[in-house]
Amino acid sequence: MADITAHYKLSTPSDSIGEAQRPTGFWVAATESTSEVIGYLGLDSDYLPRGEPSIGQLRRMVVSARHRRRRIGSLLITAALDHAKRHSDFEMLELETTLFQPAAQALYKKHGFEVFRSRVMRLGPFYSVKVLGFRRPVKD
């Protein structure tokens with residue numbers, strides 16, 4: 001989490017004051033006192049295989065293990081949802097998580113996401129993991 005912009009090859013607008021008016025975004029949570037990055041979440045539309053412009057995808061959600069269970073994940077999801085409502089034509093938001101992340105699944109369900117598919121992702125010749133797809137309408 002040390003250099004998010006470089007790691008994810010994000011471009012920053014020349015005028016970063018104010019909120020971007022784009023349908024996608026990337027939110028970063030940092031401590032007020034030290035500016036330590038403690039979480040982030042992206043909202044994207046480019047990674048969907050179906051290429052449906054009405055579907056946005058939440059990606060790369062991470063909250064530092066030391067800062068979990070402090071509502072940071074909820075605040076990031078709420079920020080992305082609010083942005084999608086105001087600045088996009090997205091009708092639906094989707095995300096994926098593995099079966100091994102029950103806390104993440106509970107967080108997504110708390111925010112109105114429901115499982116709509118599952119798939120098996122192969123990670124090697126002898127190892128695979130079940131991936132759950134969640135979705136929810138952008139408008140309540």
Side-chain angles (χ1 to χ4, degrees):
M1 285 200 266
D3 192 351
I4 296 164
T5 304
H7 184 77
Y8 289 108
K9 298 175 180 59
L10 300 173
S11 61
T12 54
S14 57
D15 179 17
S16 60
I17 297 172
E19 187 172 330
Q21 301 293 314
R22 293 177 281 179
T24 60
F26 199 86
W27 291 264
V28 177
T31 61
E32 196 170 2
S33 58
T34 64
S35 299
E36 173 191 4
V37 173
I38 56 175
Y40 50 83
L41 171 66
L43 170 61
D44 209 338
S45 61
D46 297 338
Y47 293 91
L48 291 170
R50 299 178 304 283
E52 297 178 31
S54 65
I55 298 177
Q57 187 176 40
L58 296 180
R59 305 183 69 243
R60 305 283 188 207
M61 179 153 167
V62 175
V63 174
S64 165
R66 290 190 348 245
H67 295 89
R68 291 184 185 150
R69 307 210 45 88
R70 297 182 188 179
R71 295 191 54 241
I72 295 164
S74 285
L75 292 169
L76 289 167
I77 290 172
T78 299
L81 281 168
D82 289 346
H83 180 83
K85 288 175 187 175
R86 288 192 318 272
H87 302 298
S88 78
D89 293 328
F90 295 144
E91 296 171 12
M92 191 72 64
L93 293 182
E94 294 182 358
L95 63 91
E96 286 188 329
T97 191
T98 65
L99 198 58
F100 298 118
Q101 297 175 304
Q105 293 171 43
L107 175 65
Y108 301 138
K109 288 177 182 177
K110 175 182 161 189
H111 285 277
F113 287 86
E114 296 178 354
V115 176
F116 75 102
R117 72 169 177 239
S118 66
R119 66 183 177 91
V120 175
M121 180 172 58
R122 289 220 177 281
L123 300 175
F126 304 108
Y127 185 69
S128 61
V129 64
K130 189 171 184 178
V131 177
L132 301 174
F134 285 80
R135 72 166 27 154
R136 71 155 278 165
V138 171
K139 310 273 192 243
D140 292 324

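No more than 12 heavy atoms of other residues, nucleotides or ligands shown are found within 6.0 angstrom of CZ on R71. Within a 6.0 Å radius of CG in D82, other residues, nucleotides and ligands contribute more than 12 heavy atoms.
Apart from V129 itself, the hydrophobic cluster it occupies contains F100, M121, L123, Y127, V131, where clustering links Ile, Leu, Val, Met, Phe, Trp and Tyr at side-chain heavy-atom distances under 4.5 Å.
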Criterion side chain to side chain contact (heavy atoms under 4.5 Å, CB included) on V138 and E91, from CA distance to verdict:
CA-CA 5 Å; V138 171; E91 296 171 12; 5.7 Å; no

H111 vs S74, side chain to side chain donor-acceptor pair (under 3.5 Å): CA-CA, chis, key distance, verdict:
CA-CA 8 Å; H111 285 277; S74 285; 3.0 Å; yes

Using side chain to side chain contact (heavy atoms under 4.5 Å, CB included), reason through I77 and M61 one step at a time and then give a plain yes or no.
CA-CA 9 Å; I77 290 172; M61 179 153 167; 4.0 Å; yes

Please lay out, stage by stage, how I38 and V63 fare under the test side chain to side chain contact (heavy atoms under 4.5 Å, CB included).
CA-CA 6 Å; I38 56 175; V63 174; 5.8 Å; no

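Annotation: side chain of S54 is not in contact with side chain of F90 (no heavy-atom distance under 4.5 Å). Looking at heavy atoms from C-beta onward, W27 lies out of side-chain contact with Y40 at the 4.5 angstrom threshold. Taking 4.5 Å as the limit, every side-chain heavy atom of L43 sits out of range of all side-chain heavy atoms of F26. For the pair E94 and R59, the minimum side-chain heavy-atom distance is 4.5 Å or more. Between V115 and Q105 there is no side-chain heavy-atom pair separated by less than 4.5 Å. Under the 4.5 Å side-chain criterion, counting only non-hydrogen atoms from C-beta, Y108 is not in contact with L58. At a threshold of 4.5 Å between non-hydrogen side-chain atoms, the residues M92 and I55 count as touching. Annotation: side chain of L132 is not in contact with side chain of T98 (no heavy-atom distance under 4.5 Å).
Note: F116 and F134 fail the aromatic proximity criterion, with ring centroids not under 6.0 Å apart.
Taking CZ of R136 as the reference point, atom NZ of K139 lies at 10.5 Å (rounded to 0.5 Å). Atom CD1 of residue I72 and atom CG of residue L107 lie 11.5 Å apart, to the nearest 0.5 angstrom.
Classification of R135 and E96 as a salt-bridged pair fails, no side-chain N sitting under 4.0 Å from a carboxylate O.
For K85, the salt bridge (charged side-chain N to carboxylate O under 4.0 Å, His left out) partners are D140, not counting sequence neighbours.
For L93 against L81, the heavy-atom pair with the smallest separation is CD1-CD2, 3.3 Å. Nearest approach of P23 to S88, heavy atoms of both residues: CB-CB, 3.6 Å.
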